[in-house]
Every structure is written in C-alpha cells, then in structure tokens.
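What follows is a short report on a single structure.
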Amino acid sequence: MATARGRGFDRLLAYIEESMGFATSMYNDAYLDRRISARMRRNDTEEYRTYQRLLESDDDEKQALLDTLSVNVTSFFRNPDVWEALRPVLRDLTASGRTTVWSAACSDGREAYSLAMLAHDDPQVREDRVRIVGTDIKREILRKADRGEYHASETNDLEEQLAPIGDYERYIDRDGDSYRVSRAVRRMVDFRRHDLIRQSPPDEFDLILCRNLFIYVDSDAKRAVFETLGSGLRPDGYLTIGMTETVPADCRSWFEPVEKRLRIYRNAR
Ligand SMILES: C[S@@+](CC[C@H](N)C(=O)[O-])C[C@H]1O[C@@H](n2cnc3c(N)ncnc32)[C@H](O)[C@@H]1O
C-alpha cells in the first residue's frame, strides 16, 4: 500500500533498502522524509523520482544520504541527572561481583566511556569489576569509538560535557583541540558491530544503556529492540533508555521502573 507521501517516496525507500543496504522499513516515515528532503534540498531536487536517479548515478550522494540517515548525535554524560542516578546502581552491582554493562547503539563511544569514568570516579564503585561492551550498527563510528579521541571542533563544548565528572583531566589526555580518553578508561570497554533489530544480544548484562535510538525507529522495530534488550538482561539487571523515550505498552510488564522520570528500569521477568 502506498504511503501518504506517495509512490515516488515508496519506490525511493525500496531502492535505499535493496540497493544501498539501509533498512528503511524499520524507521518511521516522517523521520526518513525529513532526512531525505534535506538531501534533496541540498541538490536542488524536488521530486523523489529525480533524487532516486541522482542516487543511482552518484556514489558520493549515496554516501552522503547514508551518513544523514544514521544520526550519531551523542555526548559525554548526556542528561547528567541520569548519570547521577546510575551511581547507586553501579555501587549496588559492583558490590555483588563482576558487572557487565552494554552500551547498545553507542555511536562514537562517549556513552560507554562516560560509564567507565563514572566507575573510576565514584569511590564506592569497584571499577576493577566493571566490563563494558559498546555496540553500534555503523562500522566507521565504531573505529572512532575504539580510538576514543574527540576534537573540540567536531562537537559541542567538550569541557561542558565532561563537567559532571569534576576533575576530568584524570581520565582524559588533552592535547590542544584533542581529547583522548585515557588508556585506563579505554581498557574497560570493547566495541563491536551489532544490529539491535536483527541480532540477539552479544552476552548477558547487569546493566544495559540503550538511549536515543527509539526516536528514529518504527513501532515494529521498537518492539524487536525491546525483545533483544529484555533477553540480554540478567535477572534483576537494570535498563536505561533515553529520557524522551517510552517502553511500548505490550513490553511494560517486563520492566519495573526504578527512576521513572530518568527512564531507569529493573528486569521484572
Ligand atoms: C542518536 S545515536 C545515540 C547514541 C547514544 N546512545 C546516546 O544516547 O547519546 C543513535 C545510534 O543508533 C545507531 N543505530 C541505528 N540503528 C541501529 C540498529 N538497528 N542497531 C544498532 N545501532 C543502531 C546509530 O548508528 C547511532 O549511532
């Protein structure tokens, strides 16, 4: 059935899915349309059909569209209140033993490193017991994550992002414009590629952070991701989602709110 945006739009989505390998069927149409229309404006193109012809003949435009579709916006300590609320969670988990954490859809790794720095920073957290796995669907972003180096010119104010950790220079080696996460912090995190919609969890975890992905995906994909997360969580494990995101109604009984406003839950199954 054709969507409200018409046949040209549907054909274009089918082309992106089949020939460019981006699963458009999993993302919501309004989000896809906003992103595609932005590229069309950059190319002075008004018709979806004309834009599809451009994609068919121009590899640079294909790459530019793929970059636009997978939004990687992130920061250190995004929503600082959430990180404060994660301190007691980490204390509780590490008091009982080895603690495995999954930063799912981790983008360039700043979320995973925030957790590692928090573990170092909090005197009541045993950081030697914490292992973190960061995963994302996008290979290039994982290479950046693995390096753990960020440049002031590429992002919003890094000092401001790092403010919640106080004396951040204990965990970051700074050289002018470049901020590299220290070796001791990097050592706690492993990065690998993983598709949350199509793959089962890479392990079982005590704490999963999966934040700011659901805003882009449609309801079927959202449910698939919650199934993946639910099956990757240990009994009594914790889950945190983005502050503007919600658990779908039919998965709500799987997770008991711990801090409702901050979207921190505990496995209830
Ligand atoms: C906006 S970023 C969120 C980064 C971080 N979690 C945060 O809240 O700051 C969304 C990330 O989801 C990733 N992503 C999109 N679809 C995915 C999928 N099916 N499986 C895993 N990651 C996905 C994108 O590549 C992107 O890096």
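Order of listing sets the numbers, starting from 1, for every ligand and every atom in it.
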How about D206 and T100: does a side-chain donor come under 3.5 Å of a side-chain acceptor? yes
D122/R91 under side-chain contact (heavy atoms from CB on, under 4.5 Å): CA gap, chis, key distance, verdict: CA-CA 8 Å; D122 193 301; R91 287 176 196 152; 2.7 Å; yes
Expected output: side-chain T99 to main-chain G97 donor-acceptor under 3.5 Å: yes
Donor-acceptor check, side chain of N267 to backbone of R234, threshold 3.5 angstrom: yes or no? yes
Can you name the residues that come within less than 4.0 Å of ligand 1, going by heavy atoms only? Y27, V71, N72, V73, T74, R78, A105, S107, E111, D136, I137, H194, D195, L196, I197, R211, N212, L213, Y216
Can F226 and F214 be said to form a ring-ring contact (aromatic ring centres under 6.0 Å, His included), step by step? CA-CA 10 Å; F226 271 94; F214 301 112; 4.6 Å; yes
Mind telling me whether F77 and W83 have parallel, tilted or perpendicular rings, with 30° and 60° as the class edges? perpendicular
